[in-house]
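Structure record follows, encoded as structure tokens.
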Amino acid sequence: MTAAGRALDGQVAIVTGAGRGLGRAVAEALAREGAAVVLAARSRQQLAETAAAIRSGGGRALAIPTDVTQDAAVAALVEQTVAEFGRLDVLVTAAGAASFGPVAGTKPADWDAMLAVNLRAVMVCCCAVLPVMLQQRRGTIVNVASVAAQRFIPGAAAYAATKAGVVAWSRVLREEVRAEGVRVGVLVPGAVDTPLWDAIPGGPDRTRMLRPEDVARAVVLMVSMPPGATLEELTLLPAGGIL
Ligand SMILES: NC(=O)c1ccc[n+]([C@@H]2O[C@H](COP(=O)([O-])OP(=O)(O)OC[C@H]3O[C@@H](n4cnc5c(N)ncnc54)[C@H](OP(=O)(O)O)[C@@H]3O)[C@@H](O)[C@H]2O)c1
């Protein structure tokens, strides 16, 4: 698309988990569509790499190292974004983690980190951007869930619970802010070939997964719908591949 006709010109987006994986692809795609993108994750080095990739393509990026499980850090992320760019149009919550194993023998402490980043942090990020979006009477939130919330995959109970929580949270929040001009969408991807799978030995065939760029394309679609239309829930699966 030419620079003159980009879908997100003049808009400002925060992408959590923008250092690698699908969050990075989303951040790069939003920038290509003209958005100024604020990149949030813990690894400074990875954020710097994403920012450099965006800038080398002529886009605008601001890296703000953030642990999204820290409420004060999330508040600061939004404050800095508004201070720098004067507005906030898009939030994509792609920060997340996955660990798998059967429920029998699992220790509750194994769930805590995943619950904190996959569910509570999503809720905190939404709360942090809402005052700005409501005041603007404009904004789009895309929360990244997973097909694990819909299909029952043995070994994924705790992960599925976090993602089902994201779906339920998004559904209720959507109804609360719908009339105020704020859209809340949920993206439900199947397996995506990202570094998330590096730590999961014996996982599925990565060549048959979605590419991060596929996910980015879906997010661009969700956030660039005309203001009068909302893509509320989008399930994206590898065609002919695995979940
Ligand atoms: N890959 C898949 O098959 C798949 C499928 C469906 C849904 N998803 C979901 O998509 C999201 C992204 O997954 P991915 O595959 O892209 O994973 P990934 O490659 O491991 O990337 C995860 C990103 O989240 C960031 N992150 C993790 N904990 C964080 C924290 N406490 N604060 C801030 N950032 C944090 C990581 O950066 P730092 O570690 O530097 O903080 C990294 O940038 C997750 O919610 C995942 O559940 C993935």
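Order of appearance sets the numbers: ligands from 1, and atoms from 1 within every ligand. Because the structure is a prediction, the values reported are computed rather than measured.
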> Is a side-chain N or O of W197 found less than 3.5 angstrom from the main chain of V192, in a donor-acceptor match?
Replying inline: yes
> Which pairs with one or both residues in residues 106-117 pass side chain to side chain donor-acceptor pair (under 3.5 Å), sequence neighbours excluded?
Replying inline: none
> Residues in salt bridge (Lys or Arg N to Asp or Glu O under 4.0 Å) with R178, at least two apart?
Replying inline: E175, E232
>> I need the contact residues for ligand 1: any residue with a non-hydrogen atom closer than 4.0 Å to the ligand, ordered by chain then number.
In response: G17, G19, R20, G21, L22, A41, R42, S43, T66, D67, V68, T69, A94, A95, G96, V117, V144, A145, S146, Y159, K163, P189, G190, A191, V192, T194, P195, L196, W197
> Got a sec, which hydrophobics cluster with V117, joining ILVMFWY side chains under 4.5 Å apart, including via others?
Replying inline: V68, V74, V124
> Is the shortest side-chain N to carboxylate O distance from E84 to R60 below 4.0 Å?
Replying inline: no
> Quick one: does E180's side chain have a donor or acceptor within less than 3.5 Å of a partner on L134's backbone?
Replying inline: no
